[in-house]
J.: 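Structure below; questions to follow.
What you are looking at is a predicted structure, and each value in this text was computed from that prediction instead of being measured.
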Amino acid sequence: MTRKSGDAEKWSREAVRRGCDYLIVAGGDGTLNEVVNGIAQIKQRPRIGLIPFGTGNDFARTLGLPPTLEENIDILRRRKTRPIDLVRVTSRRRRYFINVSAGGFSGMVNEKITPQIKRTWGPLTYVRGAAAALPKLHAYQTRVVLDDREEISTALYNVVIANGRFVAGGLPIAPEADPGDGLFDVILIPKRSAGEMLMLATQIVLGKHFSNSAIVFRRAKKIALRSRPGMWFNVDGELVGRAPAVFQIVPRALNFVVKK
């Protein structure tokens, strides 16, 4: 049972070094992120099972895991695995993630979402948080280089690098992302008016934001970013640093236990 930040990372690393070949994580995206970072740099990595006991459980949604404990135990007993990509991010420090990293406006939105807003607004929580964050909205003059080939320089409100499909407790930020295809989905949100941003937030809740012509969408193995001012990034809810930052796929790095 973890008691403080860093416990899951430390204990998973120690367990694997002692020979553990099957690691089961009962928790949410934050706990899973710590476990991933605990074992990412170990050569002989174990298979990973997941029981979604957290608040958001966004990566469990991407894997299509069921909601009940009994169903998940059945899956864990069968031990059927599929390879999953990791993403390595290098900024002021190096970290790994398997779900989603976001920089810019989304971080401001998350700061505005309180437990009371979650209870009151339910599935519209993200729209309410976006409305509260709009007065502090500012753009980042950003240079993005994809796979060392394509360059995009523009004023952005938000950058999302998605290996999984969901964020913030079920928002389908990258509805077609495949965490095992060797690519991550890149979503760039350029500077727009406050009204357009609120409309976009509503579309994100519905999973319809790719129909918005303002969205820039790419798939890549590597992305390098610089911005003015420096855009802060979080990975699976953990603040890791600010631009400049480099994100790179580590293909088929982990084996996750999944449904048949």
J.: Quick one: closest heavy-atom pair of Ile187 and Ala174, and the distance?
T.: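 Shortest heavy-atom separation between Ile187 and Ala174 comes out as CD1-CB, 4.1 Å.
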
J.: Partners of Phe247 by ring pair (Phe, Tyr, Trp, His ring centres under 6.0 Å), sequence neighbours excluded?
T.: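 Per chain and number, Phe247 pairs via ring pair (Phe, Tyr, Trp, His ring centres under 6.0 Å) with Phe233.
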
J.: Which atoms form the tightest heavy-atom contact between Leu76 and Gly49, and what is the distance?
T.: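 Heavy atoms only, the tightest pair is CD2-CA, 3.5 Å.
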
J.: Kindly compute the distance separating CD1 (Ile223) from CG (Asp147), expressed to the nearest 0.5 Å.
T.: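 Ile223 CD1 to Asp147 CG: 9.0 Å, rounded to 0.5 Å.
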
J.: Work out which heavy atom in Gly54 is nearest to a heavy atom in Asn57; give both atom names and the distance.
T.: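 Heavy atoms of Gly54 and Asn57 come nearest at N-OD1, 2.9 Å.
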
J.: Going from CG on Asn158 to OG1 on Thr142, what distance comes out if it is rounded to the nearest 0.5 angstrom?
T.: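 Taking CG in Asn158 and OG1 in Thr142, the distance rounds to 10.0 Å.
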
J.: Can you confirm whether Arg165 sits close enough to Pro172 that some side-chain heavy atom of one is under 4.5 Å from a side-chain heavy atom of the other?
T.: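 Not in contact.
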
J.: Do Leu69 and Phe53 have side chains that approach each other closer than 4.5 Å (heavy atoms only, starting at C-beta)?
T.: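 When only atoms from C-beta onward are counted, Phe53 and Leu69 do touch, with a gap below 4.5 Å.
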
J.: Honestly curious: do Ile152 and Val246 fall in one hydrophobic cluster under the side-chain, below-4.5 Å linking rule?
T.: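 Not linked; separate clusters.
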
J.: Is there side-chain contact between Val87 and Ile249, with heavy atoms separated by less than 4.5 Å?
T.: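 Yes - at least one pair of side-chain heavy atoms lies under 4.5 Å apart.
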
J.: Does the pair Arg95/Glu9 count as a salt bridge with the N-to-O cut at 4.0 Å?
T.: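 Salt bridge: yes.
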
J.: Using only atom types and a distance under 3.5 Å, with no angle test, would you say the side chain of Asp74 pairs donor to acceptor with the backbone of Glu71?
T.: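 No, the answer is negative, given that no donor and acceptor are paired below the 3.5 Å cut-off.
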
J.: Among pairs that include at least one residue of residues 32-50, which meet side chain to side chain donor-acceptor pair (under 3.5 Å), considering only residues two or more places apart or in two chains?
T.: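 For residues 32-50: none.
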
J.: Group every Ile, Leu, Val, Met, Phe, Trp and Tyr by side-chain heavy-atom contacts under 4.5 Å, then state whether Val36 and Leu50 land in the same group.
T.: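 Same hydrophobic cluster.
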
J.: Rounded to the nearest 0.5 Å, how far does OG of Ser227 lie from CZ of Arg143?
T.: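 So the CZ of Arg143 and the OG of Ser227 are separated by 12.5 Å.
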
J.: When hydrophobic residues are tied together by side-chain contacts of less than 4.5 Å, even through go-betweens, does Val35 share a cluster with Tyr96?
T.: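 Hydrophobic grouping puts Val35 with Tyr96.
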
J.: With side chains defined as the heavy atoms from C-beta onward, is the minimum distance between Asn163 and Pro179 less than 4.5 Å?
T.: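 They are in side-chain contact.
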
J.: Does Leu225 reach the side chain of Met231, with side-chain heavy atoms less than 4.5 Å apart?
T.: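 No, side chains not in contact.
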
J.: As an exercise, state the distance from NZ of Lys222 to CZ of Phe184, rounded to the nearest 0.5 Å.
T.: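 If we round to the nearest 0.5 Å, Lys222:NZ and Phe184:CZ are 10.0 Å apart.
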
J.: Is it true that, when you exclude Arg226 itself, more than 12 heavy atoms of the residues, nucleotides or ligands shown sit nearer than 6.0 Å to its CZ?
T.: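 For Arg226, atom CZ is not crowded (no more than 12 foreign heavy atoms under 6.0 Å).
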
J.: Can you check side chain to side chain contact (heavy atoms under 4.5 Å, CB included) on Ile189 and Ile215, steps first, answer last?
T.: CA-CA 5 Å; Ile189 301 178; Ile215 293 286; 3.7 Å; yes

J.: For the atom pair CD1 (Ile39) and CG (Leu86), what is the distance rounded to the nearest 0.5 Å?
T.: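 Answer rounded to 0.5 Å: 8.0 Å.
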
J.: Does CZ belonging to Arg228 count more than 12 external heavy atoms closer than 6.0 Å?
T.: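 Count not over threshold, so no.
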
J.: Considering residues at least two apart in sequence or located in another chain, which fulfil the side chain to side chain contact (heavy atoms under 4.5 Å, CB included) criterion with Leu63?
T.: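 Side chain to side chain contact (heavy atoms under 4.5 Å, CB included) check on Leu63 returns Phe59, Leu65, Ile84, Phe256, Val258.
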
J.: Any sub-3.5 Å donor-acceptor pair from Ser91's side-chain atoms to Arg93's backbone N or O?
T.: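 Judged by distance alone, no pair lies under 3.5 Å.
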
J.: Is there a path of hydrophobic side-chain contacts, each under 4.5 Å between heavy atoms, that joins Val235 and Val250?
T.: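 Result: no, two separate clusters.
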
J.: What pair of heavy atoms forms the shortest contact from Pro83 to Asn255, and how long is it?
T.: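 Reported closest heavy-atom pair: CA-OD1, 3.6 Å.
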
J.: Nearest 0.5 Å, what's the CG-CG distance between Asn99 and Asp29?
T.: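 Those atoms lie 5.5 Å apart.
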
J.: Tell me the closest heavy-atom pair linking Ala139 and Lys191, and the distance in Å.
T.: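 Heavy atoms only, the tightest pair is CB-CD, 3.8 Å.
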
J.: Can you hop from Val159 to Tyr140 via hydrophobic side chains spaced under 4.5 Å?
T.: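 Linked within one cluster.
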
J.: Compare all side-chain heavy atoms of Pro66 with those of Ile75 and state whether any distance is below 4.5 angstrom.
T.: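 Side chain of Pro66 against side chain of Ile75, heavy atoms only: contact under 4.5 Å found.
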
J.: Is it the case that more than 12 heavy atoms not belonging to Arg78 sit under 6.0 Å from its CZ atom?
T.: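 Yes.
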
J.: When you check the gap from the basic side-chain N to the acidic O, do Asp7 and Lys10 get nearer than 4.0 Å?
T.: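 Salt bridge between Asp7 and Lys10, a charged N being under 4.0 Å from a carboxylate O: no.
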
J.: Between Asp21 and Arg79 (salt bridge meaning N to carboxylate O under 4.0 Å), is one present in this structure?
T.: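 The answer is no: the pair does not qualify as a salt bridge.
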
J.: Check Asp148 against Val145 and note the closest heavy-atom contact, atom names and distance.
T.: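 Answer, listing the atom of Asp148 first, then Val145: CA-CG1, 3.8 Å.
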
J.: Flag the pair Asp85 / Arg252 as yes when at least one side-chain heavy-atom distance between them is below 4.5 Å, and no otherwise.
T.: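 With C-beta onward as the side chain, the pair touches.
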
